[in-house]
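Only one structure is covered here, and it is reproduced in the block below.
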Amino acid sequence: MAALARAVSCQTGVTQWIAACSGLLQTTTVQGQCRQMLYSTFQHLSAKDSVQPSEEKVGTFTRIIEALGFTGPLKYSRWKIKVAALRMYTCCVEKTDYEEFFNRCQMPDTLNSWFLVAQLHVWMCLVRMKQEGRTGKYMCRYIVHCMWEDVEQRGKVMGINSVVLKQDMRSMVENFYAALFGYDEGILSDDHVLAAALWRNLFNKNCEDPRHLELLVEYVRKQVQHLDALSGEDLLLTGEVSWRPLVESNARSILKPLSPVYNDEGL
């Protein structure tokens, strides 16, 4: 009997040990499956949330020299880009009917009014060229450089005192960069935000007729859409920009502009 009892006790212990091992094995298996699921989930989220590489790849050397304030290698030579930038700024000041702006929007015919209209067109060009990567951004900097040189020369031709001109240009610089932020916010938002930006920057908070704001909002929207339809390669090589009229019968009709003609030198 004692031997039978020991045998039964031994068998019971073995059974309990096997059950415990089975439970431990199942627990280990479940934990392994959980870890595998968590790993797969994290791997999926990491792949999903990772930043997509940009189309324009920039090498380490280029990043270093640009971090030091220098300009790295561009898609086209710098002198071609500068010539195109000068042409684009020239289009902003020569292909815009300033007299129509002054008459329809009841703006005074002054250097400051001319600058406010010019900076609006320069901003629209900057918005378009910033879409062309590092080369487009370099072109944007030179467009702004051409604008300030032109403003200074116009002030001297008008006989404005050098001290007064310097103060006016300092004020223009502050207003210009403030206008850039306001216009950027407006073009990315609804018409109310864009109208507010135009009221602050173009009209200097002095516009009693809401139809003027409506006209300018429509004008900016259609011009930005028109510039987006232009080829980026042509803009980088030629800088030729055409402007749609301030008032037209069908403002929503966007006609595909003709491609400019240029030679192998980009001229």
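Computed over heavy atoms, backbone and side chain alike; hydrogens, waters and symmetry mates excluded.
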Residues passing the side chain to side chain contact (heavy atoms under 4.5 Å, CB included) test with Val157, sequence neighbours excluded, are none
Does a side-chain heavy-atom distance below 4.5 Å link Cys92 with Trp243? yes
Derivation and outcome, side-chain contact (heavy atoms from CB on, under 4.5 Å), residues Lys82 and Leu86: CA-CA 6 Å; Lys82 290 181 178 181; Leu86 179 59; over 6 Å; no
Holding to salt bridge (Lys or Arg N to Asp or Glu O under 4.0 Å), I want the full list of residues that pass it with Lys137, two or more places apart in sequence or in another chain. none
So which atom in Lys130 and which in Cys140 form the shortest heavy-atom distance, rounded to 0.1 Å? CG-SG, 3.8 Å
Which residue pairs pass the salt bridge (Lys or Arg N to Asp or Glu O under 4.0 Å) test with at least one member in residues 88-98, sequence neighbours excluded? Lys95-Glu240
Would you check if the side chain of Glu132 reaches a backbone N or O of Glu233 as a donor-acceptor pair within less than 3.5 Å? no
Between side-chain atoms of residues 112-119 and protein atoms elsewhere (two or more places apart, or another chain), which donor-acceptor pairs fall under 3.5 Å?
from, atom 1, to, atom 2, distance (Å)
Ser113, OG, Pro108, O, 2.6
Ser113, OG, Thr110, OG1, 3.2

Are any of the side-chain heavy atoms of Leu235 and Val241 separated by less than 4.5 Å? yes
Test side-chain contact (heavy atoms from CB on, under 4.5 Å) applied to Val144 and Leu126, step by step: CA-CA 9 Å; Val144 176; Leu126 298 182; 4.0 Å; yes
Quick test of your reading: applying ring pair (Phe, Tyr, Trp, His ring centres under 6.0 Å), list the pairs with at least one residue in residues 193-217, sequence neighbours left out, ordered by first then second residue. none
Of all pairs that satisfy salt bridge (Lys or Arg N to Asp or Glu O under 4.0 Å), the ones with a partner from residues 145-165, not counting sequence neighbours: Asp150-Arg154, Glu152-Lys156
Step by step, would you call Tyr89 with His145 a side-chain contact (heavy atoms from CB on, under 4.5 Å)? CA-CA 10 Å; Tyr89 174 73; His145 173 75; over 6 Å; no
Is any side-chain heavy atom of Leu236 less than 4.5 Å from a side-chain heavy atom of Met129? yes
Could you walk me through whether Met169 and Lys166 pass the side-chain contact (heavy atoms from CB on, under 4.5 Å) check? CA-CA 5 Å; Met169 289 193 63; Lys166 185 176 181 180; 5.9 Å; no
Are any non-hydrogen side-chain atoms of Asp168 and Val151 less than 4.5 angstrom apart? no
Do any pairs count as a salt bridge (Lys or Arg N to Asp or Glu O under 4.0 Å) and have a residue in residues 191-204, sequence neighbours left out, and if so which ones? Asp191-Arg221
Under the salt bridge (Lys or Arg N to Asp or Glu O under 4.0 Å) rule, what pairs show up with a residue in residues 100-120, not counting sequence neighbours? Glu100-Arg104
Does the ring pair (Phe, Tyr, Trp, His ring centres under 6.0 Å) test come out yes or no for Tyr219 and His121, once each step is laid out? CA-CA 11 Å; Tyr219 179 78; His121 292 79; 5.7 Å; yes
side-chain hydrogen bond (donor to acceptor under 3.5 Å, both in side chains) partners of Tyr142, counting only residues at least two apart: none
Donor-acceptor contacts under 3.5 Å from residues 177-184 side chains, at least two apart:
from, atom 1, to, atom 2, distance (Å)
Asp184, OD1, Trp123, NE1, 2.8

Partner residues of Asp228 under the side-chain hydrogen bond (donor to acceptor under 3.5 Å, both in side chains) criterion, sequence neighbours left out: Gln131
Taking only residues two or more places apart in sequence, or in another chain, which ones meet Asp209 in a salt bridge (Lys or Arg N to Asp or Glu O under 4.0 Å)? Arg211
To check you understand the geometry: which heavy-atom pair defines the closest contact between Pro245 and Lys222, and what is its length? O-NZ, 2.7 Å
